[in-house]
Each structure stands twice: as C-alpha cells, then as structure tokens.
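Presented below is the structure to which this report refers.
Below, chains carry the letters A, B, ... as their sequence lines are ordered, and counting in each starts from 1.
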2 protein chains.
Amino acid sequence: MSKNDQNVAFCAVDYAFQRIGGKYKARILWYLHEHKVLRYGELKRMVKGITTKMLTQTLRELEKDELVTRKEYHQVPPKVEYSLTPIAEEFVPFIDQMRAWAEKRIKDSLQDVEPIACY
Amino acid sequence: MSKNDQNVAFCAVDYAFQRIGGKYKARILWYLHEHKVLRYGELKRMVKGITTKMLTQTLRELEKDELVTRKEYHQVPPKVEYSLTPIAEEFVPFIDQMRAWAEKRIKDSLQDVEPIACY
DNA sequence: CTGCATCCCCCACGATACTG
DNA sequence: CAGTATCGTGGGGGATGCAG
C-alpha cells in the first residue's frame with residue numbers, strides 16, 4: 001500500500017469506523033446523546049480515565065467530521081459546551097443497538113468479564 | 001489507570017468496540033455475511049491490503065470471541081472455511097446500517113474523499 | 001475552567017521469509 | 001493452500017507541566 005492510502009477508506013464500513021472508531025469516540029457520542037449538552041469538564045468526568053489531551057484531541061476530530069458542535073462562551077472562567085450534530089444523532093441509534101447487543105453478550109458470558117461500570 | 005484495566009470494558013459500548021473494532025474486523029464480518037462461507041484465500045483477496053499475519057490474527061480473535069467459525073478440512077492441499085456464528089449474524093444488521101449511514105455521508109461530501117472501492 | 005505543549009512508551013500493524 | 005516466525009516502525013495514547 002502506498003503512503004497516500006493512509007486515509008482512504010476501502011469501503012463505507014471503513015469510512016464509518018474511521019469516524020467513530022478509536023478509543024473514546026463512541027462513548028463520547030453516547031454521553032452527549034444522553035445528556036444533550038455537556039461541558040468539557042463534565043465530559044472529562046464521565047469518560048473515566050481519559051486525559052485532557054485525548055479528550056481535546058478527540059473532540060476536535062469529531063468536530064472536524066461534523067459530529068459534534070462546539071459552543072464557546074467568551075467569559076471568565078471559560079465555558080464551553082459540546083453537543084451532537086444532526087448527522088451524529090442519526091448515527092446514535094446504531095451505537096444504542098450495539099450497546100444492547102453487547103449487554104446481552106456480557107450477560108451470557110458472566111465469567112472472565114469485569115463488572116461493567118458505565119453510566 | 002492500573003495495568004489490569006487493559007481489557008476491561010468501561011461500558012457496553014466499549015465491550016462492543018473491543019470485539020468488532022480494529023482495522024479489519026468489521027470488513028471481515030461483512031464479507032462473511034455477504035458470502036456466507038469463505039476460504040482463507042478468498043478472504044485474503046477481498047480484504048485488500050491485509051497481510052497473512054493480520055488476517056490470521058484477526059480471524060483467531062474473532063474465533064475466540066465466538067464471532068466466526070473455523071472449519072478445517074484435513075486434506076492436501078489444505079482447505080479452511082470461515083463463516084459467521086449466530087452471535088455475529090445478530091450483529092451484522094448494525095454494520096449494514098452503519099454502512100448505509102456512511103454511504104449517505106460520503107455522497108453528501110463528495111470532495112476530498114477518495115473513490116470508495118468496495119465490493 | 002478549558003485547554004495546549006512536551007516527552008515518551010508501547011504495541012498494532014507492516015514487510016519479509018519460510019513451511020507442512 | 002493456509003498458514004507460522006521474526007524483525008521493525010509509526011503513531012495512538014499516557015503523564016506531566018504550563019497558560020489564558
């Protein structure tokens with residue numbers, strides 16, 4: 001594969017995963033869907049274990065892909081709110097279905113799987 | 001985060017992504033769904049750019065997670081067939097929906113996106 | 001509060017060669 | 001045909017410190 005193929009999606013499935021894959025994206029989208037609007041610090045607290053670097057970076061990517069909207073209030077102290085775009089809202093149902101599927105799977109194999117502590 | 005949290009899913013969404021995330025898993029599942037049964041070499045040809053190492057490794061992981069079935073024919077030359085488990089079949093509709101969503105997105109932003117060459 | 005800048009490490013993934 | 005084995009590397013991600 002040539003260097004230029006880096007960001008080329010081989011198919012639509014790839015395209016989707018490039019946008020909502022990664023370690024935190026799906027979770028962030030999910031939380032934003034559940035709460036409609038979240039501040040930076042709120043997200044940071046919900047996505048356990050994430051660093052500011054990763055949170056900021058991930059939000060920027062989601063913003064670039066038009067999946068989240070960033071609303072900055074120019075005040076001191078700063079206040080920034082994030083929410084989903086309509087495009088992202090269209091996608092959320094799939095995340096929800098995946099969640100349901102996963103929960104069923106987790107229940108069926110109730111060994112070797114650590115307790116799930118999510119929202 | 002402690003070392004032992006490596007494979008712990010923080011939530012069901014994580015759990016799902018740990019199983020069907022990665023660079024090739026979704027595509028492999030999709031191809032297997034489309035063709036019902038595929039031999040190793042057939043998969044290798046369909047998943048463009050994948051190496052034998054990654055294909056084998058990915059198939060092994062999917063097998064371990066009970067998403068694909070491996071059927072080996074003890075003959076010369078070797079013949080191995082892969083197919084989806086019922087659990088994976090349950091999941092495929094979501095991949096399909098994601099694909100539809102992605103294709104729509106691709107059509108809407110018909111610039112800077114390379115031609116999608118997938119099945 | 002909401003970030004940005006650095007430094008650094010690990011491992012997912014690639015390339016290549018070999019085998020029953 | 002259907003894989004192993006080995007070696008290398010790029011960048012995703014972590015830790016920490018600073019800033020408006």
Side-chain angles (χ1 to χ4, degrees), chain A residues 1-10 14 17-28 31-32 37-65 68-83, chain B residues 1-10 14 17-28 31-32 37-65 68-83:
Chain A
M1 272 195 285
S2 80
K3 288 275 183 186
N4 290 337
D5 288 344
Q6 286 171 6
N7 292 320
V8 174
F10 277 103
D14 259 10
F17 268 84
Q18 283 175 14
R19 266 144 200 83
I20 50 80
K23 196 165 181 181
Y24 302 107
K25 285 187 177 174
R27 283 167 75 192
I28 289 176
Y31 290 135
L32 281 177
V37 174
L38 287 174
R39 298 185 56 175
Y40 183 90
E42 291 173 327
L43 269 172
K44 175 104 169 55
R45 255 171 275 123
M46 304 185 100
V47 186
K48 294 226 180 97
I50 197 171
T51 60
T52 60
K53 177 192 168 186
M54 286 314 296
L55 181 54
T56 301
Q57 180 180 310
T58 305
L59 285 169
R60 291 290 180 276
E61 287 172 16
L62 290 172
E63 206 187 340
K64 186 165 71 63
D65 289 333
V68 310
T69 305
R70 191 186 119 104
K71 186 173 182 183
E72 185 174 0
Y73 295 84
H74 295 278
Q75 60 183 43
V76 179
K79 173 181 176 184
V80 181
E81 286 178 347
Y82 293 93
S83 56
Chain B
M1 271 195 287
S2 79
K3 288 274 181 185
N4 291 337
D5 287 345
Q6 286 173 4
N7 292 320
V8 175
F10 276 103
D14 259 11
F17 269 84
Q18 283 175 15
R19 266 142 199 85
I20 50 80
K23 197 167 183 181
Y24 302 106
K25 285 186 178 176
R27 284 168 75 194
I28 289 176
Y31 289 134
L32 282 177
V37 174
L38 286 174
R39 298 184 57 175
Y40 184 90
E42 290 173 328
L43 268 172
K44 176 103 170 52
R45 254 170 275 124
M46 304 185 100
V47 186
K48 294 224 181 99
I50 198 172
T51 60
T52 60
K53 178 191 168 185
M54 286 313 296
L55 180 53
T56 301
Q57 180 180 310
T58 306
L59 285 170
R60 292 287 182 278
E61 287 172 15
L62 290 172
E63 206 188 339
K64 186 165 71 63
D65 289 333
V68 309
T69 305
R70 192 186 117 105
K71 185 174 182 183
E72 185 174 1
Y73 296 83
H74 296 279
Q75 60 183 45
V76 180
K79 175 180 174 182
V80 180
E81 286 179 346
Y82 293 92
S83 56

Item to complete: Would you indicate what B/Tyr73 reaches in the nucleic acid, counting non-hydrogen atoms under 4.0 angstrom: base, sugar-phosphate, or nothing?
Response: nothing
Item to complete: Using a heavy-atom cut-off of under 4.0 Å over every strand shown, decide if A/Lys53 touches base, sugar-phosphate, or nothing.
Response: base
Practice prompt. Calculate, to the nearest 0.5 Å, the distance between atoms CD1 and CD1 belonging to B/Ile20 and B/Ile28 respectively.
Written response: 12.5 Å
Worksheet item: Within this structure, what is the CD-to-P distance between A/Glu42 and C/dC1, rounded to whole angstrom?
Response: 11 Å
Practice prompt. Verify the contact: side-chain N or O of B/Tyr40 to OP1 or OP2 of D/dT4, cut-off strictly under 4.0 Å; return yes or no.
Written response: no
Response to the item:
Output for pair (A/Glu72 CD, A/Tyr40 OH), nearest 0.5 Å, gives 13.0 Å
Worksheet item: Rounded to whole angstroms, how far apart are OH on A/Tyr82 and P on C/dC1?
Response: 15 Å
Worksheet item: About how many Å separate CG of B/Leu62 and CZ of B/Arg19, when rounded to the nearest 0.5 Å?
Response: 11.0 Å
Item to complete: Map A/Pro78 and B/Arg45 onto DNA chain D by nearest heavy atom, then report which one ends up closer to the 5' terminus.
Response: B/Arg45
Item to complete: Using atom CG of B/Leu59 as one end and atom P of D/dT4 as the other, report the distance to the nearest whole Å.
Response: 10 Å
Discussion item. Could you tell me how far apart B/Glu63 (CD) and D/dA2 (P) are, to the nearest whole angstrom?
Written reply: 15 Å
Worksheet item: For B/Lys23 and C/dG14, is the shortest distance between a side-chain N/O and OP1 or OP2 below 4.0 Å?
Response: yes
Worksheet entry | Distance below 4.0 Å between A/Arg39 side-chain N/O and C/dC1 OP1 or OP2 | no
Practice prompt. By nearest nucleotide on DNA chain D, pick out whichever of A/Gly22 and B/Pro77 is the more 5' one.
Written response: B/Pro77
Worksheet item: Starting at CE of B/Met54 and ending at P of C/dC11, how long is that distance when rounded to a whole Å?
Response: 15 Å
Fill in: Side chain B/Tyr24, main chain B/Leu59, donor-acceptor under 3.5 Å
no
Worksheet item: Mind checking whether A/Tyr73 and A/Glu81 have side chains closer than 4.5 Å, heavy atoms only?
Response: yes
Discussion item. Should the side chain of B/Thr52 and the base of D/dT4 be counted as holding a donor-acceptor pair, with the cut-off at 3.5 Å?
Written reply: yes
Discussion item. What is the separation between atom CD1 on B/Ile50 and atom C1' on C/dA12, rounded to the nearest whole Å?
Written reply: 12 Å
Worksheet entry | Nearest-Å distance for atom pair CD/C1', residues B/Gln18 and D/dG12 | 16 Å
Fill in: Rounded distance in Å - CD (B/Glu72) to C1' (D/dC1)
11 Å
Worksheet item: Is the distance from OP1 or OP2 of D/dT4 to the nearest side-chain N or O of B/Arg60 less than 4.0 Å?
Response: yes
Practice prompt. For A/Arg70 and for B/Gln57, locate the closest nucleotide of DNA chain C by heavy-atom distance; then report the residue assigned to the nucleotide nearer the 5' terminus.
Written response: A/Arg70
